[in-house]
Amino acid sequence: MKPSRFLLLLFVCMVMLESRADLPGTWELLVEDARIASMHTAVTRFNTVILLDRTNVGPTQTTLDPSSKSDCQIDPEHPVLKPGCYSQSAILDLNTKKVRPLFTTLTDTWCSSGQFMPDGTLLQTGGNNDGYKKIRKLIPCEATSSCDWDELEDTELAEGRWYSTNQILPNGSVIIIGGRDAVSVELFPSQGGGALNFPFLAEAEDIQTDNLYPYVHLLPNGHLFVFANNQSVLYDYTNNVVLKRYPVLTGGPRNYPSAGSSVMLALKGDYSTATVVVCGGAQYGAFHEGKTDATARRSCGRIEATAENPVWEMEAMPFGRIMGDMVILPTGDVLIINGAEAGSQGFEMASRPCLSPVLYKPDESMGLRFVTLNNTSVPRMYHSTANLLPDGRVLVAGSNPHNFYNLTDKFPTELSIEAFSPDYMSPEKASIRPTITELPEKIQYGGGFDIVVSGKFLEVGLVEVNIASAPFATHSFSQGQRLVKLAVSRSSSAADMDGGRLHTLTCTAPPDGRVAPPGYYMLFAVNMGVPSVAKWVQLLER
Ligand SMILES: *[C@@H]1O[C@H](CO)[C@@H](O)[C@H](O)[C@H]1NC(C)=O
Ligand SMILES: *[C@@H]1O[C@H](CO)[C@@H](O)[C@H](O)[C@H]1NC(C)=O
Ligand SMILES: *[C@@H]1O[C@H](CO)[C@@H](O)[C@H](O)[C@H]1NC(C)=O
Ligand SMILES: *[C@@H]1O[C@H](CO)[C@@H](O)[C@H](O)[C@H]1NC(C)=O
Ligand SMILES: *[C@@H]1O[C@H](CO)[C@@H](O)[C@H](O)[C@H]1NC(C)=O
């Protein structure tokens, strides 16, 4: 071969190798050792992140200072936890990246559920052992203050809730659905009368359960879309009746322990329709038969949950994935991240971590919706989480496929916390990134309000204003996750002092709690696919 030919070939090879590493998105290490593996993760309106593990995991790495509290030993009778002074929960300050252990002695939060209340309080329910019927609250505070968990002593759940799902309702109550051996729903605050039977969950159960941590989406028609195993229903929780049964989703079971994931796509327009997507999952029997190398499913089902006669539209992801997390980005695209390419959900049940995040672009046509993103180097399998941050990045935490902490296994208990930056945060897009300079602290249902946005290359008329809830992420599903695109009716602009322009956008808040339940949301301005840093607004009744 002529030397010039060889050089050309070398060049082509290098370009090819380069392009493999050139997939969109970047990773950064936020906290090298958080000293806790977050099984449940939630972002608060103070830009802090609540990290929560279970108490019967054995000692975590987070030791507390015994002198600060007379008794920080969790239940000395506990069958697993050795007497000691360990924290099972912590709070991360996104500004300083400092992790503060939370002190309050908790009962067991293993595979529990949660949801933010309208006033911003994190409600956290159930778990295992002594935590089975427990209700806990954390009222978030400024990062420099010292808020902590409070376990309610005067009230408990009507039923034990282990692997249940919470969803905030239009009136601000929270519904708690299902759980192991809990074929029922209940409300917080309790309206008396205990739990209501919900036989659908029993119908969806099979030999390996597959009906745990059901996927629950509050539709804009005020009813709940509830998905378990391969079945789903339209559920009228007010009258405790199933209004509709959707067609069975083919391609195997999707809920614990066969973990796929699910989102309701962004609500927009006149909010009359809602589309649900369910992606990935284990092969049937992988859990029951302990097949850790059974290839995970690539299939995604997508259904218009509000249609008269909806059908599942099937698509294939670039990778099979179990235990993925689906995160709705401020643009309405969905990030699918974390998980494994084989096995099922549970201790020591998976192999082949899926290191590639994937972007799902719902507005593209079939076949063009998936984009493979830049690989991580950190396997995040069972008990890992992903949460949207107010600056548009995605916080990725946890992974502990073992019963106890094991820092030396091939898939160790993962104490690091990372942030994934989607392509919209790349330096080339910085110039079109808008900045919110003014907005109200509170917005009311159906009410108009103005925000002021600055930016040099703002496409007035195309700028979106979108509000994102802060969900409770656990076990590959973000409870209460939603994105609502607001109507932007008018905009006017004026020059700012730096030669850029200030744009006043008149927006309309969601019409009611069915479209967006009351509470705190991250409000993003999105310019040509690039979101601003969000500011928190509280959505209230008039
Ligand atoms: C992929 O992520 C790594 C960090 O994990 C980063 O060094 C690299 O630049 C990223 N690739 C692109 C194309 O951004
Ligand atoms: C909220 O809605 C639920 C379900 O319809 C209802 O049972 C409950 O009483 C309502 N809560 C309040 C405080 O009105
Ligand atoms: C739905 O799941 C059940 C229980 O796992 C299974 O027996 C049935 O064949 C599945 N149906 C379809 C259409 O995949
Ligand atoms: C990314 O990770 C997957 C495993 O999830 C692996 O198959 C693939 O080769 C990796 N890609 C690159 C470019 O390293
Ligand atoms: C951690 O995992 C390694 C490798 O699987 C195993 O040999 C070791 O016993 C485990 N350690 C603990 C404390 O379980």
Side-chain angles (χ1 to χ4, degrees), residues 26-55 57 59-69 72 74 84-106 109 114 116 120-122 124 136-150 325 327 337-338 376-378 380 383-400 405 407 412-421 425 470-474 478 520 522 533-536:
T26 53
W27 287 89
E28 73 196 276
L29 186 63
L30 278 190
V31 182
E32 194 172 336
D33 182 3
R35 307 189 73 74
I36 187 167
S38 195
M39 175 187 296
H40 318 90
T41 308
V43 177
T44 81
R45 65 192 174 92
F46 295 101
N47 296 347
T48 58
V49 186
I50 296 168
L51 311 171
L52 184 61
D53 202 357
R54 42 190 260 259
T55 52
V57 75
T60 62
Q61 299 292 300
T62 310
T63 46
L64 298 171
D65 171 8
S67 63
S68 320
K69 194 152 189 195
C72 57
I74 294 161
C85 218
Y86 304 99
S87 176
Q88 318 297 330
S89 183
I91 194 159
L92 162 67
D93 176 359
L94 290 169
N95 289 325
T96 60
K97 300 180 191 169
K98 290 228 160 59
V99 179
R100 172 171 71 88
L102 293 172
F103 241 105
T104 310
T105 304
L106 288 178
T109 48
F116 281 105
T121 298
L122 181 61
Q124 208 273 320
R136 313 171 189 87
K137 284 183 173 179
L138 191 151
I139 301 173
C141 57
E142 296 288 351
T144 48
S145 302
S146 58
C147 44
D148 212 318
W149 288 105
D150 177 28
D325 286 282
V327 179
I337 196 165
N338 296 340
T376 178
S377 54
V378 183
R380 305 261 181 191
H383 292 149
S384 59
T385 59
N387 297 66
L388 177 65
L389 294 179
D391 63 10
R393 292 178 301 172
V394 173
L395 180 116
V396 177
S399 187
N400 187 10
Y405 278 34
L407 305 177
T413 303
E414 191 48 64
L415 304 175
S416 73
I417 299 177
E418 291 169 289
F420 178 74
S421 295
M425 301 200 63
F472 183 86
T474 190
S478 282
Y520 286 88
M522 293 175 260
V533 171
K535 294 206 190 293
W536 293 88

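Predicted model only: the values in this text are computed from it and were never measured.
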Flag side-chain contact, heavy atom, 4.5 Å: [X] against [Y]:
X: L94; Y: D391; answer: no
X: L30; Y: E418; answer: no
X: C147; Y: R100; answer: yes
X: R45; Y: F116; answer: no
X: W27; Y: V378; answer: no

Out of curiosity, [X] [atom1] to [Y] [atom2], how far, rounded to the nearest 0.5 Å?
X: K98; Y: D93; atom1: NZ; atom2: CG; answer: 8.5 Å
X: E414; Y: H383; atom1: CD; atom2: NE2; answer: 15.0 Å
X: I36; Y: M39; atom1: CD1; atom2: CE; answer: 10.0 Å

| request: Compute whether any side-chain donor of one residue and acceptor of the other, for R380 and S416, lie under 3.5 angstrom apart. | output: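 Per modelled atom types, R380 and S416 side chains form a pair under 3.5 Å.
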For [X] versus [Y], what's the shortest heavy-atom pair and its separation?
X: H40; Y: S38; value: O-OG, 2.9 Å
X: T385; Y: T474; value: CG2-CA, 4.4 Å
X: M522; Y: L389; value: SD-C, 4.0 Å

| request: Please indicate whether I139 has more than 12 foreign heavy atoms, meaning atoms of other residues, nucleotides or ligands, lying under 6.0 Å from its CD1. | output: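 No, CD1 of I139 has 12 or fewer neighbouring heavy atoms, counting only those of other groups under 6.0 Å.
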| Would one find more than 12 heavy atoms of other residues, nucleotides or ligands at under 6.0 Å from atom CD of E32? |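 At most 12 heavy atoms, drawn from other residues, nucleotides or ligands, come within 6.0 Å of this atom.
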| Who pairs with S478 by side chain to side chain contact (heavy atoms under 4.5 Å, CB included), at least two apart in sequence or on another chain? |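 For S478 the side chain to side chain contact (heavy atoms under 4.5 Å, CB included) partners, ignoring immediate neighbours, are P471, A473, Q481.
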| query | By side-chain hydrogen bond (donor to acceptor under 3.5 Å, both in side chains), which residues pair with T413, not counting sequence neighbours? | reply |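 With neighbours one apart ignored, the set is N400.
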Just list the side-chain donor-acceptor pairs under 3.5 Å for residues 46-53, sequence neighbours left out, or say none.
| residue | atom | partner | partner atom | Å |
| --- | --- | --- | --- | --- |
| N47 | OD1 | W536 | NE1 | 2.8 |
| T48 | OG1 | T44 | OG1 | 2.6 |
| D53 | OD2 | Y405 | OH | 2.5 |

